[in-house]
Each structure stands twice: as structure tokens, then as C-alpha cells.
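Report on the structure given below.
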Amino acid sequence: MTDTSRPEALLKPEALLSVEGISLKFGGITALDDISFRVAPRQICGIIGPNGAGKTSLFNVLSRIYSPSAGRIRFDGTDILSLPQHRMAALGIGRTFQNIALFPGMSVLENVLVGNHVRMRSGFVTAMLGLPRARRDEAAGRKAALETLERLGMAHQADTLVSQLNFGAQKRVEFARALVMQPKLLLLDEPAAGLNHEGVEDLRAFILKMRDAFGVSVLLVEHHLDLIMRVAEQVVAINFGRKIADGTPAQVQGSEAVVQAYLGAPDV
Amino acid sequence: MQTPNSSSRRIGALLIVAAIALLVALPMLVKGFFLFQITMVLCMALAVMGLNIVVGYGGQLSLGHGAVFAIGAYVAAVGMDSFALHWLPAVVIAGLVCLAFGVLFGWPSLRLKGHHLALATFALALAMPQILKHRSIETWTGGVQGVMVFNSPVPDWLPLSREVFVFYLVLAVVLIAFFGTAALFRSRMGRAIIAVKENQIAAASMGVNVTRTKLATFALSCLLTGLAGALYTLITEYVSPDSFDLMKSILLLVAVMVGGAGTILGPLVGAVFIQFVPNLAEQVSQSATSAIYAGFLLIMVFFMPTGVVGFVRGLLIRLRARR
Ligand SMILES: Nc1ncnc2c1ncn2[C@@H]1O[C@H](COP(=O)(O)OP(=O)(O)OP(=O)(O)O)[C@@H](O)[C@H]1O
Ligand SMILES: [Mg+2]
């Protein structure tokens with residue numbers, strides 16, 4: 001499938017992320033079916049859809065956990081499908097997980113330090129010999145991690161074991177862990193889950209602040225439609241693995257297919 | 001619950017300094033068989049430290065570190081005996097051979113998911129005594145007889161007995177390994193090792209090369225355990241194939257668990273356990289030694305499931321929370 005067959009893609013030639021015709025199958029289940037969309041630099045793009053629509057699967061494809069059966073993904077000029085999962089962080093794709101994937105035996109700070117893995121340098125030998133290079137690396141890494149925690153109002157909990165935190169705080173640690181690597185694209189899978197009204201407002205302000213301060217693009221999966229409509233510039237709606245709408249929040253909200261999809265899934 | 005704070009860290013540092021001072025003074029306090037036993041404990045602690053890296057921190061099971069220990073011991077013995085090497089290059093070469101062995105052996109087993117490392121290392125441990133006895137290498141390994149190493153490692157200018165010199169040598173290597181691993185697990189790659197154990201997918205999403213980290217973990221662990229094997233040769237002046245059977249691997253694993261998997265001090269405690277508790281059991285009852293030993297082990301498992309160090313750490317945290 002070439003770009004010329006998709007006029008909407010031509011309108012944004014400077015896309016940071018372009019997803020083209022991605023399909024993903026689990027045995028007989030088609031989790032994603034010919035999904036295409038683009039995300040521009042500094043753009044906040046919402047992904048909506050009922051439970052089981054394929055939103056998390058899409059994220060897992062973008063972070064190379066799942067390999068699609070068809071399609072192409074270009075990120076920042078690189079064909080990411082030719083690269084292994086661990087290369088995504090260095091390329092500039094950071095993410096959080098819907099079902100918390102922290103390192104439970106580590107403190108908050110240590111978790112964020114692992115997030116800083118690709119920006120730190122020291123290897124086995126320099127660290128074990130305690131060389132000055134390793135010490136400087138560690139000090140700089142800690143500073144960056146603490147600053148990120150500070151920004152999320154979590155610096156006072158730096159030494160707490162993450163397994164001792166509540167769900168909301170764990171989500172924030174995941175956020176910090178993804179932010180500290182200074183990604184170009186941030187994938188947030190239901191960051192508002194478990195937050196009260198105030199928390200959602202804080203989150204909205206924070207996402208906007210991160211985008212404005214660091215120029216990061218954000219892909220945001222949320223069931224909290226109100227948040228999506230007020231923070232995203234572009235919204236992609238999917239249902240049963242297919243894209244059913246793509247446009248501004250207003251366009252997508254008014255789309256017949258989206259209304260149908262949500263009426264068909266009253267639990268959302 | 002908090003991770004250890006600075007004041008408890010300072011107390012820990014003080015205890016470690018005191019322990020090192022005691023160890024350095026030890027040859028002036030004890031002699032003969034007891035000094036030999038302590039040297040052996042330190043040597044085993046090094047081997048257990050190696051295994052602890054892969055099991056406790058890396059979350060991979062190795063049932064074959066006794067065999068890695070054997071390779072280290074034999075390479076050093078053959079180096080000194082057949083090739084008339086000085087002890088220093090012999091020990092260094094033994095360590096490097098085990099490091100390379102770790103890479104070559106770990107490569108195929110670690111690329112696969114699941115328990116392949118456990119199975120492969122189990123097979124290695126089973127085969128090792130027979131490999132060492134094999135006729136094709138008998139000229140060097142001495143077959144069932146093993147290898148005697150007679151040269152004295154003490155430099156002429158040092159007025160130390162052989163036992164005392166070897167004690168200090170082993171102590172030095174153990175201290176370097178101890179502080180080296182402690183530093184590692186406060187650094188980027190050390191955290192990557194733990195991250196891979198705790199959540200592989202998340203670790204990879206943070207940019208950790210999971211396969212390469214697992215391989216490096218295994219190779220590093222083989223280096224330490226192999227060095228311990230080489231030092232064992234210096235201590236005992238004799239290696240024989242049947243002292244490196246599957247039981248050796250199992251005992252190292254017992255030491256990791258009893259001491260506290262994934263703790264820095266655990267291997268030292270574990271080594272004391274596997275070195276002294278069998279004697280203790282024998283003193284309790286000559287006829288039921290194994291049963292008594294098993295009893296000690298079961299008590300440990302039930303009352304200190306996270307090992308001695310894990311247990312003490314939990315106790316300290318609870319004490320601090322009460323204050
Ligand atoms: N590892 C897997 N193996 C098999 N099927 C899977 C797997 N992961 C997801 N699926 C299936 O793919 C479909 C999409 O799931 P996905 O988790 O992507 O949905 P989602 O949009 O994130 O839903 P939710 O809003 O509930 O998080 C579902 O039918 C799900 O059962
Ligand atoms: Mg989901």
C-alpha cells in the first residue's frame with residue numbers, strides 16, 4: 001500500500017509516526033485489521049474504542065512486543081519493524097502499560113533509573129571497578145531521575161518500594177519512567193484509570209505541559225472520553241480492530257460509526 | 001516500607017569494616033585447621049556470589065555451577081602442573097576460561113525462553129565428573145586420580161606460611177568480588193539485570209537488551225565461580241573429578257537460598273552454612289547426620305524463606321517502622 005492511495009497522509013508529510021496498513025492476528029482472532037494513521041511532531045493523538053477494540057494491541061505493535069502480519073511503521077525516518085523491541089527506547093518511543101509493568105522489587109527511584117537506561121552509559125567493567133566515569137554517569141542519571149520525579153510530585157517517595165504504592169501512584173511512576181528517557185513519542189495506555197476528577201485535570205495539564213516543554217508527541221489511549229476530547233488534537237477511533245474514524249475530536253465524536261460502536265458497548 | 005536509608009547504611013558499612021578488620025587479623029588469632037576452614041568458607045562464598053548473580057539477581061536457574069567451579073579448579077591445576085605456570089597467571093587464565101565458557105554455554109541456552117538454562121546446566125553438572133576422567137585428556141587431568149599441585153605460591157620475599165598466604169589471597173579476591181558486585185548492583189547494568197528478572201517486557205521497553213543482559217549475567221557469574229574453583233586448587237593442592245559432582249552444584253544453590261538470594265551479604269552466610277552445618281550435624285549425631293542436616297535446612301526454609309540476610313533485613317525494617 002503506497003502513500004498516494006491515502007490522500008489524508010499526503011496532507012501531513014512531516015509525520016513523526018506513520019502507521020500503514022497494520023494487521024495483527026492471534027490465532028483466529030484479528031486484533032488489528034488494516035490500521036493506518038499518522039502522528040505529527042508535538043501532536044497529541046487520542047486512540048479510543050470499546051473494550052477489546054485493539055488499542056493495547058496497537059501499542060504493543062508500536063513498541064515491537066507484537067509483530068504485525070502486514071503493514072509498515074515508520075518512526076522518525078526509521079522502519080521500526082526491522083528492529084528488535086529493545087531498540088525502541090533509544091529511537092525515542094517511551095510507553096506506559098495499562099496493567100502496570102513496574103519492577104516491583106525496586107524503589108521508585110530505581111524504576112525511573114531503569115527508564116534512563118538508554119541515556120546512561122556505564123557498562124559492567126567501569127561500574128564494578130568504581131571508575132570515575134561510572135560515578136559521574138550514575139550521578140547524572142540520578143539527577144535526571146529525581147528531577148522527573150520532582151516534576152510529577154513524587155520526589156519524596158523516591159526510596160519507597162513501588163509495590164507499596166497505590167494504583168494511581170504506580171501509574172505515575174510508570175509515567176516518570178517513560179518520561180525520563182526523553183522520548184519523542186510517548187505511548188500512554190489509560191493513564192487516567194483510577195484517577196478522580198481532580199487527578200484527571202492534573203493529568204490533562206501535565207500532558208499539555210510535557211508537550212509544550214519538551215515537544216514530545218503523545219499517543220493517548222483512554223476510556224475517559226472527556227479527557228481525550230479536551231486534550232487531543234487528533235482522535236483515531238477503532239472498533240473490532242478496524243479504524244472507524246480519524247480526525248479532530250469534534251469530527252470523531254460526531255461520526256456515525258463511533259456513536260454506533262459506543263451504543264453497542266454500553267459498559268463504556 | 002522504605003529501602004535501607006542512610007543511617008542503616010552507615011551501620012552496615014561499619015559492620016563490614018569491622019568484619020574485614022577481623023578477617024585481616026584472623027591468621028594471628030587462629031591457626032591450622034580452623035584457618036583452613038575459614039579460607040574454604042571464603043572460597044565457597046566467592047563461588048556462591050557467582051551463582052547468586054545469575055539466580056538471585058538474574059532470576060535464572062543454574063544447576064551446574066559446581067561444574068563451572070570444576071573447570072576453574074582444573075584449568076588452574078593443569079596450568080600449574082602440566083604447564084608449570086605461576087599461580088597468578090594460572091588463576092587468571094582459569095577465570096577467563098570460565099568467562100568464555102559462560103558466554104559459549106549461555107548463548108544457545110539463554111536465547112530460548114523458559115527453563116533451558118536450568119536443564120542445560122543440569123546436564124553439564126551430571127556429565128562433568130566423567131568428562132574430567134575421560135581418557136582423551138588424561139595426560140593433563142590424571143583421570144580418576146586427579147591432579148596434585150605441589151608448587152608453593154608464596155613469593156620468596158614474603159615471610160608467610162603457605163596457609164596464611166593463601167588465606168590472604170582468597171580474602172583479597174573475595175573482597176574485590178564483593179565490592180565489585182555491590183557496585184554493579186548500584187549501577188545501570190546491575191539494575192538492568194534485576195529489571196530483566198522482574199519484568200522482561202518492561203525492561204526491553206526501557207531499552208535493555210534482554211538476551212545480551214542474560215548472557216552477560218551468566219558469563220560474569222561463571223567468572224566468579226570459576227575463580228573460586230582456581231582458588232580451591234591453591235587451597236587444597238589437589239583436585240579430583242569426583243569432588244565436583246551434581247551435589248556440589250546443589251550445595252551452591254542451597255547456599256544462595258539459605259544466605260538470601262539477591263542480597264550482597266547472603267553468599268557469605270550461605271557459605272558458612274554449607275561449610276559448617278554438616279560438621280555441626282555430625283557432632284549432634286553420628287548415625288543420622290544427613291537427617292539432622294536436612295532438619296536444619298527445613299528449619300531455615302520455614303523460618304527464613306528469604307534467607308538469613310532477607311530475614312534480618314525484614315526484621316530491621318519492622319523495627320524501624322515501630323520506632
Ligand atoms: N496476547 C494475546 N493473545 C490472544 N489474544 C489477545 C492478546 N492480546 C489481546 N488479545 C485480543 O485482542 C483483542 C484486542 O485486545 P486489546 O487488549 O488490544 O484491546 P483494548 O482495546 O486495549 O481493550 P481494553 O479497553 O479493554 O484495554 C481482544 O479480543 C483480546 O482478547
Ligand atoms: Mg487495553
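First the proteins, then the strands, lettered A, B, ... as listed; each starts at 1.
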Does the A/T126 side chain pair with the main chain of A/L131, one donor and one acceptor, at a distance under 3.5 Å?
-> no
Among B/G262, B/S205, B/S187, who wins on heavy-atom pairs under 4.5 Å with chain A?
-> B/S205
From the list A/V114, A/L129, A/V118, the residue making the most non-hydrogen contacts under 4.5 Å with chain B is A/V114
Salt-bridged, A/R72 to A/D79, with N to O below 4.0 Å?
-> no
Among A/S122, A/G115, A/A90, which has the most heavy-atom pairs under 4.5 Å with chain B?
-> A/S122
A/T78 side chain to A/R74 main-chain N or O, any donor-acceptor pair under 3.5 Å?
-> no
What is the distance from atom CD of A/Q98 to atom CG of A/N60, rounded to the nearest 0.5 Å?
-> 9.5 Å
Distance, nearest 0.5 Å, that separates CE of B/M206 from CZ of A/R177 | 3.5 Å
Closest heavy-atom contact between B/C43 and B/V170?
-> N-CG1, 3.8 Å
If you count heavy-atom pairs under 4.5 Å between each of B/A195, B/A183, B/A192 and chain A, which one has the most?
-> B/A195
Region of A/M120 that comes under 4.5 Å of a non-hydrogen atom in chain B | both
Given that the side chain runs from C-beta out, which part of A/L102 has a heavy atom under 4.5 Å from chain B: side chain, backbone, both or neither?
-> backbone
Do you know which of B/I176, B/N209, B/V210 has the most heavy-atom pairs under 4.5 Å to chain A?
-> B/N209
Do A/R95's NZ or CZ and the ring of A/F97 fall within the cation-pi criteria of under 6.0 Å and 45°?
-> yes
Side chain, backbone, both or neither: which part of B/L220 has a non-hydrogen atom closer than 4.5 Å to chain A?
-> side chain
Residue pair B/F311, B/F303: steps toward the ring-ring contact (aromatic ring centres under 6.0 Å, His included) verdict | CA-CA 8 Å; B/F311 176 78; B/F303 291 99; 8.7 Å; no
For chain A, which of B/R186, B/R191, B/M189 has the most heavy-atom pairs under 4.5 Å?
-> B/R191
If you count heavy-atom pairs under 4.5 Å with chain B, which of A/P84, A/A178, A/G130, A/P104 comes out on top?
-> A/P104
Against chain B, label A/E138 side chain, backbone, both or neither, depending on which of its atoms sit under 4.5 Å from a heavy atom there.
-> side chain
For B/A203, is it the side chain, the backbone, both or neither that has a heavy atom under 4.5 Å from a heavy atom of chain A?
-> both
